[in-house]
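One structure is given here, and the rest of the page talks about it.
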Amino acid sequence: MSRYYTEDHEWVEVDGDIGTVGISDYAQGQLGDIVFVETPDEGKDVSKGDEAAVVESVKAASDVYSPVSGTVIEGNAALADTPELVNEDPEGDGWFFKLTLSDPSELESLMDEAAYAAFVAKL
Amino acid sequence: MSQDIQDEALETELLNLPLDQWHRDRGGRMVPFAGYEMPVQYEGIMAEHLWTRAHAGLFDVSHMGQLVFSGANGDKGGLDAALEALMPVDLAAAKIGNPVYSLLMAENGGILDDLMLTKRADGSIYMVVNGACKWDDIGHFREHLPDEIEINYLEDWALLALQGPEAVTALERLVPGVAALGFMQGAAFAWQGHELWISRSGYTGEDGFEISVPAEAVAALADALTAFDEVKPIGLGARDSLRLEADLPLYGHDLDTETTPVAAALGFAIKKRRREEGGFPGHERIMIEREQGSIVRRVGLIVEGRQPVREGAIVVDAEGSEVGKVTSGGFAPTLGVPIAMAYVPLALAEPGTRITLAQRGKIHTAEVVKMPFVPHRYVRKGG
């Protein structure tokens, strides 16, 4: 399995043709206390860069873009009642949605963990 | 992920306040606000909010404009009358040292700014206006007040707010005597040889104090206060959620030149003598609205579900037509639910009314509730 990151601070963990999407630890730290998450419905087709989810902190609402194209197979139901999971475990239990990738070659344009760490260090 | 956090307009040149480095040293996340770089949060808005409600929070509000009006050849009546011509305050009834809330009025009955003013023993008037409005306010005063009235902008003074149920315990240790003040009472004090002006007032709904302090002493005072276990520094983010829960409108959002005091549910700021006598901008419209009702009214809403409905969302009727707007909204940390302030037609303004909101293409349901959302805990004393 490998994990890839976008410059907009989403991550996607790929296992076969299934991707799990979330926001990075840096992103949750910037957002602060998260009070609401809206995940996409099963069956929704998303293109890379599409607004796929909404995350709201005490202060503001932000869109979460899909890092890759595909069809959503599951939203993280736990976030409906415990959105704070995104603060507590952003790159684990605080995942947003899973999808089947329609074009795995899109991953080539994303950063690996080391490249993302270097990107964040410069912000 | 989109970054909407720093949604305040970027000013061309941001200024720094006296505590700038102090905030950075304590991990304050600095954002542009009212032309300054100011801390939006330290450890997190939720924790800071709840800390203030349970203990004491220290807020730097030095961006606000502190003004002193004097002159009219020592004729106090002249100064009072000149200010009364611009706002519905009753300075004859105001007690020396005690701040009163008032509104700088536009000719059309709209609000140019909301402010606090205090008569001092020497006949001068101390005023605190909103940071984002202060330069316009000074221009307005200069244009409309007689030339012999001096307006002194206290640029060399900082302003702190210490808010929360343990504020009095902490401040009394440093400045003995403050505990004798009641809500909306103020007096001059001293700390380590520095003059202070302290009033028991604030913008959170909690007991607490606002402390005017010379800029050169503010870092030492902030250090001394935060050295107490009860006190933590609190950012602008929690200031906003605290004031929203406390039914305290924010100028530029809940109040502006299109909102009247009656629509804004600030009728208490129109003093009885001034209602009867008039003589301030917008008097005629305000009297008509008092009698016939304003078209819309500011109300509090509790939103169903968990998603916050924020400023800019619209209130819609059964046909989907826009009939009102949300002017402030967010998640209420004390209550654990989304709350909002909105202007709605009078027919929808009664507590218990269910209303429909639209935000980014999505419909939300809310109920009108009596404000404040969280009860005020002011400490009132006679005199």
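FYI, side chains are in, hydrogens and waters are out, and symmetry mates aren't considered; it's all heavy atoms of this structure.
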| task | May I ask you to name which of B:Pro308, B:Gly336, B:Ala332 has the most heavy-atom pairs under 4.5 Å with chain A? | result | B:Pro308
Heavy-atom pair with the smallest gap, counting every atom of [X] and [Y]:
X        : Y       : answer
A:Val35  : B:Met46 : CG1-CE, 3.8 Å
B:Ile45  : A:Asp33 : N-OD2, 3.4 Å
B:Arg360 : A:Glu56 : NH2-OE2, 2.9 Å

| said: Report which part of B:Ala47 has an atom under 4.5 Å of a heavy atom belonging to chain A: side chain, backbone, both, or neither. | reply: backbone
| query | Side chain, backbone, both or neither: which part of B:Arg306 has a non-hydrogen atom closer than 4.5 Å to chain A? | reply | both
| query | Does anything in residues 80-90 of chain A pair up under side-chain hydrogen bond (donor to acceptor under 3.5 Å, both in side chains), and if so which pairs, sequence neighbours excluded? | reply | A:Gln28-A:Asn87
| If you tally heavy-atom pairs under 4.5 Å against chain B, which of A:Val54, A:Val64, A:Val58 wins? | A:Val58
| query | Is the NZ atom of B:Lys370 crowded by more than 12 outside heavy atoms at less than 6.0 Å? | reply | no
| field | Those residues that, when tested against B:Glu230, pass salt bridge (Lys or Arg N to Asp or Glu O under 4.0 Å) (two or more places apart) | value | B:Arg173
| field | Residue-level contacts of residues 36-46 of chain A with chain B, using a heavy-atom cutoff under 4.5 Å | value | A:Phe36, A:Glu38
| task | Can you run down the salt bridge (Lys or Arg N to Asp or Glu O under 4.0 Å) pairs that involve residues 327-339 of chain B, sequence neighbours left out, and say none if there aren't any? | result | none
| Checking heavy atoms, do the side chain of A:Ala52, its backbone, both or neither come under 4.5 Å from chain B? | neither
